[in-house]
Amino acid sequence: MIRAAELIERKRDGEELAGEELEALLLGYAAGDVPDYQMAAFCMAVVFRGLSTAETFALTDAMVQSGTTLDLRGALGRKAVDKHSTGGVGDKTSIAVAPLVAACGVPFAKMSGRGLAHTGGTLDKLESIPGFRVDLTREQFLGQVRELGVAIIGQTADLVPADKKLYALRDVTGTVDSVQLIAASIMSKKIAAGAEAIVLDVKVGSGAFMKTLDDARALAETMVALGRRAGREVVCLLTDMEQPLGRAVGNALEVREAITTLRGEGPPDFTELVLAASARLLALSDLGVDEAEGRARAEQAIADGSALEVYERWIRAQGGEPSDDALPQAPVVREVTARRDGYVQSLGAIRIGRAVLHLGAGRLATGDTIDHAVGVVCVRKPGDAVSVGEPLAEIQARDDEAAAGAAEEVRAAYQIGDRAPRPRPTVLDVVR
Ligand code: URA
């Protein structure tokens with residue numbers, strides 16, 4: 001018998017709960033014995049009171065235990081790597097990193113999620129590729145990583161089912177914003193999915209869930225500790241999300257930008273993150289190279305076309321048509337132009353994310369269908385000079401009305417000033 005009300009009260013009053021108590025509560029919730037209203041109250045108490053390290057460990061263990069786990073080493077006979085981002089605007093990094101790392105000879109096996117609020121999800125982006133399937137069985141997933149070295153699929157239903165249920169509850173009860181709940185949610189899924197080495201990308205800034213570098217560092221440290229305890233090597237990049245990553249925001253537009261980047265013609269900030277994440281994944285792999293050598297190999301795989309070749313084979317293996325010409329195209333294209341001369345001072349990621357969401361590229365309610373073709377291309381980014389009448393951004397919309405609505409939001413995202421701002425690095429810090 002789980003005394004849920006008593007556990008809620010004790011957490012509300014700032015007490016530390018025993019591991020067995022947290023396990024009983026979480027597994028009771030997953031089994032349907034603890035109702036949503038009690039779990040929501042408990043999560044709210046955690047948002048205010050936090051969890052100790054021991055409590056966070058116990059909660060994560062219980063989440064992993066709620067489902068089945070994958071043994072990638074056993075299935076592949078070698079070390080596999082994985083990557084995860086906490087969610088940002090224009091973040092298509094995994095779509096470029098996965099084939100790039102595989103082209104360098106390292107197995108990349110990822111189970112991914114869908115978009116959340118104004119942030120896009122890798123699965124939604126991949127589904128903009130005609131024919132691409134994200135619902136492979138566990139056996140098909142493992143077989144593809146074994147043969148091709150790369151697969152990205154949706155989480156199978158039996159992988160951390162407690163998080164699936166808890167995340168949906170947190171999403172609608174104002175209880176997403178807790179470092180410990182986010183860390184347990186992400187790391188339980190990464191641990192269950194079986195990769196031995198993981199690069200995490202914690203986004204920081206107005207377009208991210210973590211608004212400050214201090215919060216992002218706390219989340220990163222917690223996730224690294226959770227990974228280490230489970231015997232995984234984890235490196236966390238803290239990366240800028242004050243502005244969108246790259247230029248393209250919106251599902252098919254982002255896939256196109258990932259392809260362009262694999263051709264060596266991507267935007268500088270996105271290319272930098274793809275290389276930084278790949279270099280660290282290669283350094284953590286069983287290749288026995290350091291980060292500098294990992295970066296050199298990643299650069300070479302772009303330059304010699306092997307990364308693009310692996311991308312095409314990967315997309316075909318999952319049923320998709322890899323040519324960028326096959327990606328859906330929005331019927332209406334509208335430019336947002338500058339009303340004054342100057343330099344772009346800042347470009348608000350959250351505003352661009354919302355504009356793209358309202359164009360139909362994301363979900364406003366669970367179960368909404370998304371429009372893969374629409375989005376925004378930020379032609380100019382912070383630091384770029386612009387003259388009156390020149391384009392700041394290009395909106396790709398389903399109709400004129402949607403384009404006009406987005407134009408206002410996109411314009412408001414741009415701040416133009418007289419002098420070029422100081423450049424901001426893409427990778428702000430690394431936690432390991
Ligand atoms: N991503 C997750 O998977 N879980 C969270 O709690 C937040 C972001």
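Counting starts at 1 for both ligands and their atoms, following the listed order.
In terms of N/O distances under 3.5 Å, ligand 1 is approached by Ser185. Any N or O atom pair closer than 3.5 Å counts here, and Tyr167 shares no such pair with ligand 1. Polar contact check, Arg170 against ligand 1: a nitrogen or oxygen pair lies under 3.5 Å apart.
Identified under the salt bridge (charged side-chain N to carboxylate O under 4.0 Å, His left out) test for residues 70-79, with sequence neighbours left out: Arg73-Glu196, Arg78-Asp286, Lys79-Glu233. Applying the salt bridge (charged side-chain N to carboxylate O under 4.0 Å, His left out) rule to pairs touching residues 26-51 yields nothing, sequence neighbours excluded.
A distance-only check finds a donor-acceptor pair linking the side chain of Lys110 to the backbone of Lys83 [under 3.5 Å].
Heavy-atom distances between Ile186 and ligand 1 reach below 4.0 Å in at least one pair.
Relative to the six-membered ring of Phe42, Lys11 misses at least one condition, a distance below 6.0 Å or an angle of at most 45° to the axis.
Side-chain polar atoms of Ser188 and Asp163 form no donor-acceptor pair below 3.5 angstrom.
Neither the backbone nor the side chain of Phe209 comes within contact range of ligand 1; no heavy atom lies under 4.0 Å.
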